[in-house]
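Hydrogens, waters and symmetry mates play no part in the numbers below; they use all other heavy atoms, side chains included. The sequence lines fix the lettering, A, B, ..., with proteins before strands; numbering per chain opens at 1.
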Protein chains: 2
Amino acid sequence: MSHSNTEPRRDHPNVTPTGHEVLAGVLRIRANRLQALLWQRAKPPHPNRWSLPGGRLGPDETVEYSIRRQLAEKVDVRELTHVEQLSVFSSPDRIPGSRTVATAFLGLIPSDTDPELPDDTCWHPVDSLPETAFDHEGILLAARERLRAKLSYTNIGFALAPPKFTVSELRDIYSAALGYRVSATNLQRVLSRRGALEATGQTVAAGPSGGRPPALFRFTSRDLQITDAFAVLRPPG
Amino acid sequence: MSHSNTEPRRDHPNVTPTGHEVLAGVLRIRANRLQALLWQRAKPPHPNRWSLPGGRLGPDETVEYSIRRQLAEKVDVRELTHVEQLSVFSSPDRIPGSRTVATAFLGLIPSDTDPELPDDTCWHPVDSLPETAFDHEGILLAARERLRAKLSYTNIGFALAPPKFTVSELRDIYSAALGYRVSATNLQRVLSRRGALEATGQTVAAGPSGGRPPALFRFTSRDLQITDAFAVLRPPG
DNA sequence: GCAAAAGTGTTACACGTACACCCATGC
DNA sequence: GCATGGGTGTACGTGTAACACTTTTGC
């Protein structure tokens with residue numbers, strides 16, 4: 001048996017080159033809905049369909065650098081509060097033309113920012129997407145799944161929420177992302193007890209229909225941390 | 001602003017082609033240690049160093065198919081009880097020669113099988129690795145981390161354990177994989193309560209030093225399932 | 001005062017851990 | 001009988017869910 005196929009490149013000069021692209025499902029909450037950033041294709045293939053932002057991997061960049069660079073063409077990078085790898089999509093016929101592998105990412109943007117977008121680009125609710133190009137819908141659903149899972153056991157809410165917020169606003173963000181109503185009472189308790197949330201000491205005025213003026217909270221960290229200490233089979237202690 | 005870099009290939013005929021390879025950290029438990037499958041390079045680059053199994057992605061296969069095909073050159077595919085994507089390694093200088101992106105996988109093999117291996121290939125304890133090639137040590141450590149995490153909240157033990165086993169044997173498998181001693185008592189209770197484990201009704205003879213003859217158990221499923229129902233912020237019920 | 005919204009207290013429940021205790025075998 | 005390893009019962013700690021109750025505002 002030979003290991004020729006694990007030897008370094010070069011010795012197979014006529015092998016089919018594989019293109020590589022990076023794509024991101026960029027999500028945010030707006031008007032109590034989870035929205036995704038999409039741009040409408042002008043030219044074939046799939047004209048008029050909606051595509052994820054991204055593009056070809058450059059020769060001297062990592063996939064992480066590449067997706068951030070290419071997202072900067074759509075939105076201000078300072079507004080991207082979280083980016084993480086999802087997985088590789090590699091079906092040979094996932095797009096027409098020469099074979100292209102895609103590394104998919106999840107990107108998040110806070111609900112209070114309203115980035116200027118190119119003319120062909122806008123936000124679409126993830127639960128009623130327009131006709132999407134290629135396998136981009138599957139990538140988007142994978143992004144949503146990853147977000148939903150991490151909302152449960154990490155502090156990833158910081159990436160969707162504004163710097164300061166009331167517990168009600170945070171509940172609406174979590175509810176929209178998860179797709180079901182969460183309780184403000186327990187959300188506050190869970191995140192506080194985990195040390196993910198803290199009060200700023202400030203309050204804002206009550207709404208027009210009255211009610212107690214809500215306090216403003218913030219996330220204690222803007223870096224992703226696993227906060228659910230309930231992983232099992234943990235070391236004896 | 002242009003979307004030229006998200007257009008399909010072809011329109012950039014002279015872009016640098018990107019090679020793509022697939023690599024797997026294949027793990028098993030033997031003699032109470034977590035071991036990885038490595039083969040020793042004969043030729044440069046990195047002669048004599050140890051490499052992960054894998055190789056170049058073929059033009060008409062997915063990365064999942066490719067890693068299974070290439071692992072079949074090392075071990076019988078029927079022995080591979082679990083394969084999953086880890087992440088993409090894409091540093092431009094991760095290997096010498098033309099630019100190559102790697103999709104990394106975790107592969108698992110049960111502790112009772114002893115596959116015939118090629119001459120240059122053998123098992124190495126993950127906690128005392130030989131000199132590895134390129135970025136393969138990092139990939140291996142990522143594979144171990146993924147395994148350790150999933151042992152806590154999934155039934156992934158099925159992929160490391162033989163078809164039938166005593167709770168003591170299972171405890172040794174979990175202990176070796178996690179790197180600390182787990183309690184057989186609680187391991188049995190946790191996995192049973194989750195519905196991941198069931199008694200076969202059979203028992204085996206006690207050891208030479210006596211003791212009650214242990215019962216044989218099996219995993220109820222050989223497909224990966226998330227068994228930890230303790231994810232929080234779950235829908236109202 | 002009353003409705004509305006925010007926030008706290010309390011109880012119930014689920015899960016995992018620790019440890020005492022019982023079981024079945026070899027010698 | 002006694003040592004040895006297997007297996008069960010029980011108490012406890014911790015974390016979340018559900019819901020009643022109090023607080024603070026607008027009208």
When every nucleotide of nucleotides 20-25 of chain D is labelled 5' to 3' by its protein contacts under 4.0 Å (heavy atoms), B for base, S for sugar-phosphate only, - for none, what sequence of letters results?
-> ---BBB
Donor-acceptor pair (no angle test) under 3.5 Å: B:R193 side chain, C:dG16 base | yes
On a plain distance test, is the side chain of A:R194 in donor-acceptor contact with the base of D:dG15 below 3.5 Å?
->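 Side chain to base: no pair below 3.5 Å.
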Within this structure, what is the [atom1]-to-[atom2] distance between [X] and [N], rounded to whole angstrom?
{"X": "B:L187", "N": "C:dT17", "atom1": "CG", "atom2": "C1'", "answer": "13 Å"}
{"X": "A:L191", "N": "C:dG7", "atom1": "CG", "atom2": "P", "answer": "14 Å"}
{"X": "B:L170", "N": "D:dG7", "atom1": "CG", "atom2": "C1'", "answer": "15 Å"}
{"X": "B:E169", "N": "D:dG7", "atom1": "CD", "atom2": "P", "answer": "10 Å"}
{"X": "A:F217", "N": "C:dA6", "atom1": "CZ", "atom2": "P", "answer": "11 Å"}
{"X": "B:L216", "N": "D:dG7", "atom1": "CG", "atom2": "P", "answer": "9 Å"}
{"X": "A:Y153", "N": "D:dG15", "atom1": "OH", "atom2": "C1'", "answer": "18 Å"}
{"X": "A:N186", "N": "C:dG9", "atom1": "CG", "atom2": "C1'", "answer": "12 Å"}

Which comes earlier along DNA chain D counting from the 5' end, the contact point of A:A205 or that of B:S168, where each point is its nearest nucleotide?
-> B:S168
A:G207 or A:S183, whichever maps to the more 5' nucleotide of DNA chain D = A:S183
From C-beta outward on [X], which listed nucleotide comes closest to its side chain: [options]?
{"X": "B:R189", "options": "C:dG7, C:dT17, C:dA6", "value": "C:dT17"}
{"X": "A:P214", "options": "D:dG6, C:dT17, C:dA6", "value": "C:dA6"}
{"X": "A:Q188", "options": "C:dG7, D:dA18, D:dG7", "value": "C:dG7"}

After noting the C-alpha distance and the side-chain angles of A:Y65 and A:V63, does the key distance pass the side chain to side chain contact (heavy atoms under 4.5 Å, CB included) rule?
-> CA-CA 5 Å; A:Y65 183 92; A:V63 288; over 6 Å; no
Determine the contact category for A:A215: base if any of its heavy atoms lies under 4.0 Å from a base atom, sugar-phosphate if only primed atoms, P, OP1 or OP2 are that close, otherwise nothing.
-> sugar-phosphate
Knowing that exactly one of A:R193, A:R218, A:K164 qualifies, which makes a salt bridge (charged side-chain N to carboxylate O under 4.0 Å, His left out) with A:E198?
-> A:R218
Are the aromatic ring centres of A:H136 and A:W50 under 6.0 angstrom apart?
->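 No.
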Set of residues satisfying ring-ring contact (aromatic ring centres under 6.0 Å, His included) with respect to B:F217, sequence neighbours excluded =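 ring-ring contact (aromatic ring centres under 6.0 Å, His included) list for B:F217, sorted by chain: empty.
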Taking the side chain as every heavy atom from C-beta outward, state whether B:L117 and B:W123 have any pair of such atoms under 4.5 Å apart.
-> yes
Under the 3.5 angstrom rule, does the side chain of B:T154 hit a backbone N or O of B:I226 as a donor-acceptor pair?
-> no
Compute whether any side-chain donor of one residue and acceptor of the other, for B:R189 and B:S192, lie under 3.5 angstrom apart.
->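 Per modelled atom types, B:R189 and B:S192 side chains form no pair under 3.5 Å.
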